[in-house]
Structures are given as C-alpha cells and as structure tokens.
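A quick write-up on the structure given underneath.
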Amino acid sequence: MVLAFAIGVFPRNSPKSVFSLGNTDPTERRGGSFVPPRASAREEEGEEKNLPFPIGRSQKTRGKIKRGNGVRLNLNTTAIEMAQRITRMVGSARVAMVGRGTHVVARAHSTQGPEDALARGGERLVEYVRRSADRSQPVVRLKSPQELRQAFQESGCSLEIGDCEAGVGTEALLRGLECVLENSVRTSHPLFFNQLYSKADPVAVLGDWCAAATNTNVHTYEVAPCYTVMESEVVSKVARLLGGPYATSHDGLLVPGGSIANLYGMQLARDAKDPNWKTRGMNGGPKLVGFTSSHAHYSYSKSAMLVGLGTDNLVKIGTDEGGGMIPEELEEAVERCEAEGMVPFFVGATAGTTVRGGYDDFAAIARICERRMLWMHIDGAWGGSAMLSETHAAAMAGAERADSFCWNPHKMLGATLQCSVFLTRHENKLAECNTTSASYLFQPDKLYTEFDLGDKTIQCGRRADCLKLWMMFKHSGDQELARRVDRCHDLADHVQRRVEESGGKFALAFDRRCTNVGFWYVPRSMRPFIFENASEEAKLEISRIAPKIKAEMQRSGDALIGYQPLDGRPNFFRIVFASADDVSFEDIDSMLDRIERIGEEIAPLHL
C-alpha cells in the first residue's frame, strides 16, 4: 500500500488518456503518469500540499497530503528517494483516508509488528539498490552451502524452517535479510557479465515493489483496473515497435519468462494447424513436426515436451558462420518430413541466440513459412531489444512477418526479473486457444469485461509485470532506452577490438553478434592459438583455462563471466552486455589485464 502511494493513485480518466505509451519524452507530463514536481514541499507540521495526481473519486478536488505529528514527506525526489522516504514512514505512521477520499493524513503510530519490519527492511533495500553498482564491493562473497547455513545460523535466523517453531521476531529477521544481501551475487555490479541480465533499473524496482504492495491478480478488470488497462497499453507499444502488421492488429500478454513465451508460440501454432487437438488430445490427429536451429534456446525442446509434440519431432536445423539458421536446410528438412508423412506446423526462429548472439534471416524464413503455411515464431528474448535502436534495428529486418514474437525487457533494458512480452499478429488467437470461460470469474455481465485478460492465458494467478515496463517507458522515453541498447553494443565492440589487438594474448572464438563476444585467454606457451589449425591436444589444453580462471575470479569476488564450448570449439569465455550503463571501457581493460595475470599464474599448474 505504501509503495503504491509512492508512485501515485491513478485517476479515473479514460484508460487511453491515462496509460497510453507513445514516443515518450521524460521531460513531458502525460495523462496520469507520475512525474515528481520540481518545487519542494514545505515540511512544516500540519501544512497541506497539493499532489500532482487526484485521489479517490473526485475529479474536481486535487489530492492533498497533510503532515502531522512530525511525519514528513518531501515530494521533490527521485524514484529511489521516494521509495526510501515512504518506507521510513511505515513503522512510525499510518495512512488514513478522510473527507470522502480527497485527503490523505499521516498520523503517528508506533509498532514492532510486520509493518515495522517492512519499514526498516524497505529502507535497507533502497540503500542496497542505491549502492548496488559500487565498485568497492565484490561481485560475490563466495561461500559454500555449509558456510551459508552457518552465517544464517549465527544471525539468529537460520535457513532451516522447523516444525511448530516460534517466530524469530523483527530483529533476527532483519539480520537474516542482511545475510541475504551480503551473500547474494551483485547482479548490478559493473563486473557482472555472467548471464543475459544485469543491473536493474531503479524505476523498474519501484514498479516491482508497487506490484507487490498492491498485491492483486491481473486476470480481471474487476480486481486489477489499472494493471489490465496498463498491460494492454504496454502490449500495444511493443507491437508498434516491432512494426508491420503488428502496429494495427495484434494480441499479447506479459508472461513469466521467455521460455513460457516460446511455449505460447508453439501452442498457438499447434492450434492453428490442428484446432481439435485441445479437445481430442494428441491421439488420432496428424503427426506434427516443428523446426528450430541447433543454436536455439532449450525452451523450444521443453515446449515440445509440454504441448505433446515430443522432442523427436522437433528438427534441429544447422547454422551458418554467424550463428543463424540456414534457410536452405530448413526448406530441405520440411520437404523431407512431408515426404515421410509428417505435417510441418511450426518454425522457431531466434533473434540473438544465447551463446553466439546470432540472428536468423527472418525474411528468408518468413518466405518459406508463408509458402508452406507454417507458423513462424521468433524468440527475441535476448536480441529483440535491437528493434529500439536505429543503429541496430537492421538485425530485426523481416521480424514483423512472424506470426508471433517474444521479448524480454528484463535482459538488455534492465527491467527487473521477470518481464517478458508475448505478441501475435493474429487478433483473438490467444482467446481461441485458451478460453475455458470459468463462470465464477469471467462473467460477461460485469463491468469492463473487455479488459479482462485471464481467460486467454494458461494461468489463473498473474503478477503485474506490466507496471515496471510501463514505468520505464514513461520515465526514460524511447530515446533513452535506445541509448542503453547502443551502449551495450559499444562495449561489445570494445572487447572485440581489445582481443584482436592483444598480440595473441586473447583469441576470438567467433566474431561478435548482438552483444555476445566469445574469446579464449591464450597462455604464453600456446601462442599463437588459431582454432582452425590447432591440434586436438592444444584444444584440450585450452579448454581447461577458462574454468580455472573463472573459479579464481569467483573466489576473489572479481568479475563473473560465463564460459562454454560450442560447435566443437573448446571452452571459451562468453562475455555479454546487458543494462550496462555503469560499465566503462576502463572496467573492461583492467578486467582483461587481470584475466591475463591469473591465466599466467595458473597455466603452469593446470596444463
């Protein structure tokens, strides 16, 4: 409740005027979006202050907050400061509605219950977010599982949850919270390059906290009026970014992760080819077969398991030197399966593969799918952010021709986990595929049922993941989000240049795609290392280097970088850049210097 109050109570204007996402400008006030006022509020006891948003039903009365009994709230603040000051109020004040909902009054109210834990813990979390990119802190304070258990035990809040045990109380609970913060990986640290996500946008953090504070289910307008309308606006905004037919005709949802988005794509494809499957089941229908690339995300295989297709009926297509699916091999595989009596129905393409960063040739794949009446889905969870950038949008050419698409703003843009958008250009297809019309919930004679979302999903409980992305678009605007994407690409370019100019100390495993760069550290005794000419013994030796360097860096709290083999190439470092505004070229240079130093120290011991 308190964090919801921090970002405002939305007015009851028409949904479009309040929530619409255009080409947003952070300096411009739009509809009911919250922009902190520039003028400071005087913080004298008992003084009233106009708020920048109406409260309650009245459209004639401006919202006001009255301070009393020493409780203060300064409205001239950033998102982080707003959350911090609001959380400080929780333990010492309660918010009461008076005067038919047109005023909010804060009154002193002391408590040592859950509200006190929330207030004090919330303040600590705000400080954690504020300092999360602090270079003086390690990326991780690595402990073994047993050492972790010991740390929690010593805090007075053990990891184990006993049977019939009494509560530990606020003080011990907050010490347990401190253990969590102390021993968690700092994913916002400038040296966290391990996964396809990184620093969380503080505005998205605030949105997540608001979603938790309002604690509602985004399945009907009845219980989630703001969020159901807001989700429709977010989906519309992303559809316009993708362009083509999506700009005028689309359907979509916020879903719990890119893997689930890919599942939706395969499910809708199955329904389009065999609409009776959902009632008849897999027995008695056509033997369907789908296709994806050998570099595609493993969620395609899991989706094949879940929709009843089976992984044996998901054909993996080879990739070219850039990591993209080879269209000619796709068409050959489709023809071969048809000749064997199977029914092709689905092609899962990729914008930014996980390891390589490769983009498929969407236009070429679309031509095959259109000619053969196959459903084309694009997993753009990672590389889809290129559509925001004029500089890098060419990688997405032809993506608008796909039947469905997914994108994860929690990756390159820095939305908090999780934030995933699923789109299809076929209106009402989600409802056709999933509707069960539960009579206790989806009642057509209720108000505003056209905004109900729940029946077209495979879920009942749905979190308000739309809020964080809506707030990011409103706060930052299109140009700022595009700049973030460009910055990630610039950093990847810098790494590739450093590797190429290293004089053999490093070697590229492949040319950069998306913001993925794969490289080896090459010990002095193995230089020059050229993969194509390397002996099997040399490949085995160099495969041992990256794991040893990573282990040493992990133990010391230094940079976290992933490694893996791919297409016969032995273990190499894969560095990726996501939400990397705090990362400097100097960070990269000094990190590579440390990799070289560690590599030379461990090479004689482990080769």
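Note that the coordinates shown come from a computational prediction; the quantities given were computed from them, not determined experimentally.
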Original post:
Y197 side chain to L417 main-chain N or O, any donor-acceptor pair under 3.5 Å?
Top reply: no
Subject >> Pair listing, salt bridge (Lys or Arg N to Asp or Glu O under 4.0 Å) test, anchored in residues 180-197, at least two apart >> reply: R141-E182
**OP:** Decide yes or no for D581 and E480: does some side-chain heavy atom of the first lie under 4.5 Å from some side-chain heavy atom of the second?
**Re:** yes
**OP:** Determine whether more than 12 heavy atoms belonging to other residues, nucleotides or ligands lie under 6.0 Å from atom CD of E450.
**Re:** yes
**OP:** List in chain and number order the residues that pass salt bridge (charged side-chain N to carboxylate O under 4.0 Å, His left out) with D490, two or more places apart in sequence or in another chain; answer none if no residue qualifies.
**Re:** none
Original post:
Can K429 and D403 be counted as an ion pair, charged N to O under 4.0 angstrom?
Top reply: no
Subject >> Partner residues of N217 under the side chain to side chain contact (heavy atoms under 4.5 Å, CB included) criterion, sequence neighbours left out >> reply: H219, R462
Subject >> Partners meeting salt bridge (charged side-chain N to carboxylate O under 4.0 Å, His left out) with D582 (sequence neighbours left out) >> reply: K199
**OP:** Please name the pair of heavy atoms, one in L174 and one in A117, separated by the smallest distance, quoted to 0.1 Å.
**Re:** CD2-O, 4.0 Å
Subject >> Close side-chain approach of F193 and M591, heavy atoms under 4.5 Å >> reply: yes
Original post:
Taking S303 for the side chain and S299 for the main chain, is one N or O donor matched with an acceptor at less than 3.5 Å?
Top reply: yes
Subject >> Qualifying residues under salt bridge (charged side-chain N to carboxylate O under 4.0 Å, His left out), relative to R513, sequence neighbours excluded >> reply: none
Original post:
With sequence neighbours left out, what residues match F422 under ring pair (Phe, Tyr, Trp, His ring centres under 6.0 Å)?
Top reply: Y264
Original post:
Sequence neighbours excluded, which residues qualify as salt bridge (charged side-chain N to carboxylate O under 4.0 Å, His left out) partners of R498?
Top reply: D589, D593
Original post:
Which residue pairs pass the salt bridge (Lys or Arg N to Asp or Glu O under 4.0 Å) test with at least one member in residues 244-259, sequence neighbours excluded?
Top reply: D251-K456
Subject >> F573: partners by ring pair (Phe, Tyr, Trp, His ring centres under 6.0 Å), with sequence neighbours left out >> reply: F519
**OP:** Scan C514, S389, S579 and name whichever one has a side chain to side chain contact (heavy atoms under 4.5 Å, CB included) with M412.
**Re:** C514
Subject >> Residues R135, D587: salt bridge by 4.0 Å N-O rule >> reply: yes
Original post:
F585 ring centre to R487 NZ or CZ under 6.0 Å, with the angle to the axis within 45°?
Top reply: yes
**OP:** For Q496 and V517, indicate whether the former's side chain and the latter's backbone hold a donor-acceptor pair under 3.5 Å.
**Re:** no
Subject >> pair Q459-P256: side-chain heavy atoms closer than 4.5 Å >> reply: yes
**OP:** Output yes when a side-chain donor or acceptor of N516 lies under 3.5 Å from a complementary backbone atom of T354, and no otherwise.
**Re:** yes
Original post:
Just by distance, do the side chain of S476 and the backbone of F473 share a donor-acceptor pair under 3.5 Å?
Top reply: no
Original post:
Looking at residues at least two apart in the chain, or sitting in another chain, which of them share a side chain to side chain contact (heavy atoms under 4.5 Å, CB included) with A239?
Top reply: Y246, H250, L423
Original post:
ring pair (Phe, Tyr, Trp, His ring centres under 6.0 Å) with H489: which residues, sequence neighbours excluded?
Top reply: H392
Subject >> For D208, side chain to side chain contact (heavy atoms under 4.5 Å, CB included) partners two or more places apart >> reply: T416, R463, K468
